[in-house]
Amino acid sequence: IESFNRVYIEIVQAYIQSFTQPATWVVVAVLQVLSALFGLFTYATYDLTNYATLRNWTLGLTIMDLAYGAALVAFTAAVTYLIVERFAGN
């Protein structure tokens, strides 16, 4: 658990520093990881509720939609970051 905490702290620090540094692929990768986790948890709220309450909602559909949500949010965050960096004049 200690190594996980150390990695998590480094990721958060890199994310915070990304607001003052020009866009790099490392920053975009960190942003994608964090936004993928956000997308996963956001979609999990909906999907796991449906899986628990709806008879025809399958586990396969839940897993597929969770992966879709994580990928969609990560992609959107990365593209948005790159667009803002491009047009912000930095």
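All of these numbers come straight from a predicted model, not from anything done at the bench. Note that these values count all heavy atoms, side chains included, but never hydrogens, waters or copies made by symmetry.
- For the atom pair OH of Tyr51 and CG of Leu59, the computed distance is 4.5 Å after rounding to the nearest 0.5 Å.
- Identified under the side chain to side chain donor-acceptor pair (under 3.5 Å) test for residues 64-80, with sequence neighbours left out: none.
- Among residue pairs with one or both ends in residues 37-49, those qualifying as side chain to side chain donor-acceptor pair (under 3.5 Å) are Tyr46-Asn50; sequence neighbours excluded.
- If you chain together hydrophobic residues whose side chains sit under 4.5 Å apart, Ile63 and Leu61 fall into the same group.
- For Ala44, the side-chain contact (heavy atoms from CB on, under 4.5 Å) test picks out Leu48, Leu66, with sequence neighbours left out.
- The OG atom of Ser35 sits 11.5 Å away from atom CG of Leu40, with the distance rounded to the nearest 0.5 Å.
- Linking Ile, Leu, Val, Met, Phe, Trp and Tyr residues whenever their side-chain heavy atoms come within less than 4.5 Å leaves Leu37 and Val30 in two separate clusters.
- When all heavy atoms of Ala74 and Gln32 are compared, the pair lying nearest together is CB-O, 3.5 Å.
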